[in-house]
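Lettering follows sequence order; numbering is per chain, from 1.
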2 protein chains.
Amino acid sequence: MKISELSRRTGVPVASIKYFRREGLLPAGRATAATLAEYGEEHVQRLRLIKALTTLGGLSIAATRDVLTAVDQAETTDGTLRAISYALPVPVTAASAGDPDRDAQAEAAARADVADLIARMDWEVADSSPHVQALTTALRELRRLHADYRPEGLVAYAELAHAIAGLDLERAAALGDSPALAEQAVIVLALSGPVIELLRRLAQEDQVRRRSLG
Amino acid sequence: MKISELSRRTGVPVASIKYFRREGLLPAGRATAATLAEYGEEHVQRLRLIKALTTLGGLSIAATRDVLTAVDQAETTDGTLRAISYALPVPVTAASAGDPDRDAQAEAAARADVADLIARMDWEVADSSPHVQALTTALRELRRLHADYRPEGLVAYAELAHAIAGLDLERAAALGDSPALAEQAVIVLALSGPVIELLRRLAQEDQVRRRSLG
DNA sequence: CTTAAGAAGATAGTGCCACTATCCAGTACT
DNA sequence: AGTACTGGATAGTGGCACTATCTTCTTAAG
């Protein structure tokens, strides 16, 4: 298959395919001559995965490359899952600073909240986990907005999150040891987020319609 | 308070404050002279909200403006919640087209899945809801990747999403009829997503560590 | 064999977004 | 009077995700 057919099959413009190659998201085709290369089904599949991660998962090109690199270096299943888990971008970035005193206070309180939550949930996570850091940031900002969660409230959310993660891992486990396991695992881990978010929004829409807050 | 103090209090550069004003995210200060205006606590609060929506919620400037407009036009609580629910951006955009035949098939199947889900959950949502459209897109793409959810699987996720939305609305309801209700409601509706996503990622990290998929 | 239609790779350009910097006339303290 | 600062207008910047162009080469058609 030549690049033009690969483009037709996937709906991705030729120029974009070249771009993805340059950025290391897509392996090169098998060169048959100085200006000719042959592409296969694996390239079609990879392009679909790239589009899914970027358009559905909302990943940047750089993040997509990191994730795909983790997929490609898959050796043990566990290692792959862990690598993917860390390669996925964290959806919260640092916010601006304000009054140093208040900030420090809010930061400390948020740290304590997170530590307390992890203890209550009996979660086993790295201290250096980017997710811990990001959650601390998020809780700190909510605190500055006077919209902080009370500990029990946070635990209620965490339990639901835990259940979702359980469904995710179950889905990943159900894949067994197929050769494309790593690829399917990344789909489950990376695209479960957007799907659950949409379901939540839909449920929110339903409940807003039904419920009155007066 | 002059603009420089507003900047110092919030950590937002003066140029950015002017930018937000231009974009209609922040009301103008009370002009005391041709080249002088007075800002108040409400501006500090509004800037914090803007930063929270953009950095935590991941909203674009345009989406933030839409949401804040909905907040400002709050008359009835219910109407406000509904307006916010629709003003929040949908996290999934359309993906590329490929083989027209397969696409049409996948699209039809995804539509059926969504309709089935809504019926099973007994959700009351608008047919034209952007969330329905986005979920259809997401399920279609997953189908094209051969990673589609079986109906029961989707229902399991939906039930958890429903529970999360329930917690959200409870939180919003607990705010009562405070004058800043609309502002607090937008925080709950818009920032619950990132928080639950982080909790899910944290739970995922925990379970990946504990569980082997072998 | 000639020729036109791609193909590969390198490089430069585009459009959008979220700021950020500069400039200007006007104001306020000292 | 001088300096620092202000609001408002306008232009510029840097990053990102492509997209277009150019050059050299290959291959299938006539």
Sidechain N-carboxylate O distance under 4.0 Å for [X], [Y]:
X       : Y        : value
A:Arg46 : A:Asp72  : yes
A:Glu5  : A:Lys2   : no
A:Arg48 : A:Glu183 : no

For [X] and [N], what is the distance between atoms [atom1] and [atom2] respectively, to the nearest whole Å?
X       : N      : atom1 : atom2 : value
A:Arg8  : C:dG6  : CZ    : P     : 13 Å
B:Glu23 : C:dT20 : CD    : P     : 14 Å
B:Tyr19 : C:dC19 : OH    : C1'   : 6 Å
A:Ile50 : D:dC18 : CD1   : P     : 10 Å
A:Arg21 : D:dC18 : CZ    : C1'   : 16 Å
A:Ile3  : C:dG9  : CD1   : C1'   : 10 Å
A:Ile17 : C:dG9  : CD1   : P     : 12 Å
A:Lys51 : D:dA17 : NZ    : C1'   : 9 Å

If each end axis of the helix from C:dC1-D:dG30 to C:dT30-D:dA1 is fitted on five C1' pair positions, the angle between them, to 10 degrees, is 20°

What are the residues of residues 59-72 of chain B, sorted by number, that bring a heavy atom to within less than 4.0 Å of DNA chain C? B:Ser60, B:Ile61

Looking at A:Arg201, A:Glu197, A:Arg200, which one forms a side-chain hydrogen bond (donor to acceptor under 3.5 Å, both in side chains) with B:His131? A:Arg201

Just checking, is any N or O donor in the side chain of A:Glu141 or B:Thr55 under 3.5 Å from an acceptor N or O on the other one? no

Residue pairs involving residues 24-79 of chain A (criterion ring-ring contact (aromatic ring centres under 6.0 Å, His included); sequence neighbours excluded): A:Tyr39-A:His43

Can you tell me how the ring of A:Tyr157 sits relative to the ring of A:Tyr149, calling it parallel under 30°, perpendicular over 60° and tilted otherwise? perpendicular

Any B:Tyr39 side-chain nitrogen or oxygen under 4.0 Å from OP1 or OP2 of D:dG7: yes

side-chain N/O B:Thr54 vs C:dA18 OP1/OP2, d < 4.0 Å: no

Base, sugar-phosphate, or nothing for A:Ala37, non-hydrogen atoms under 4.0 angstrom? sugar-phosphate

Given side chains that start at C-beta, do those of A:Leu49 and A:Thr64 come closer than 4.5 Å, heavy atoms only? no

For a quick check, with a 4.0 angstrom heavy-atom cut-off, what is the B/S/- contact string for nucleotides 22-30 of chain C, read 5' to 3'? ----BSS--

Nearest heavy-atom neighbours spanning B:Val14 and B:Ser4: CG2-CA, 4.3 Å

Got a donor-acceptor pair under 3.5 Å from the side chain of A:Arg22 to the base of D:dT19? yes

Quick one: does A:Thr54's side chain have a donor or acceptor within less than 3.5 Å of a partner on A:Leu59's backbone? no

Residues in side-chain contact (heavy atoms from CB on, under 4.5 Å) with A:Thr69, at least two apart? A:Arg65, A:Gln73

Without placing hydrogens or testing angles, list every side-chain donor-acceptor pair under 3.5 Å for residues 105-112 of chain B, not counting sequence neighbours.
| residue | atom | partner | partner atom | Å |
| --- | --- | --- | --- | --- |
| B:Glu107 | OE1 | B:Arg140 | NE | 2.5 |
| B:Glu107 | OE2 | B:Arg111 | NH2 | 3.1 |

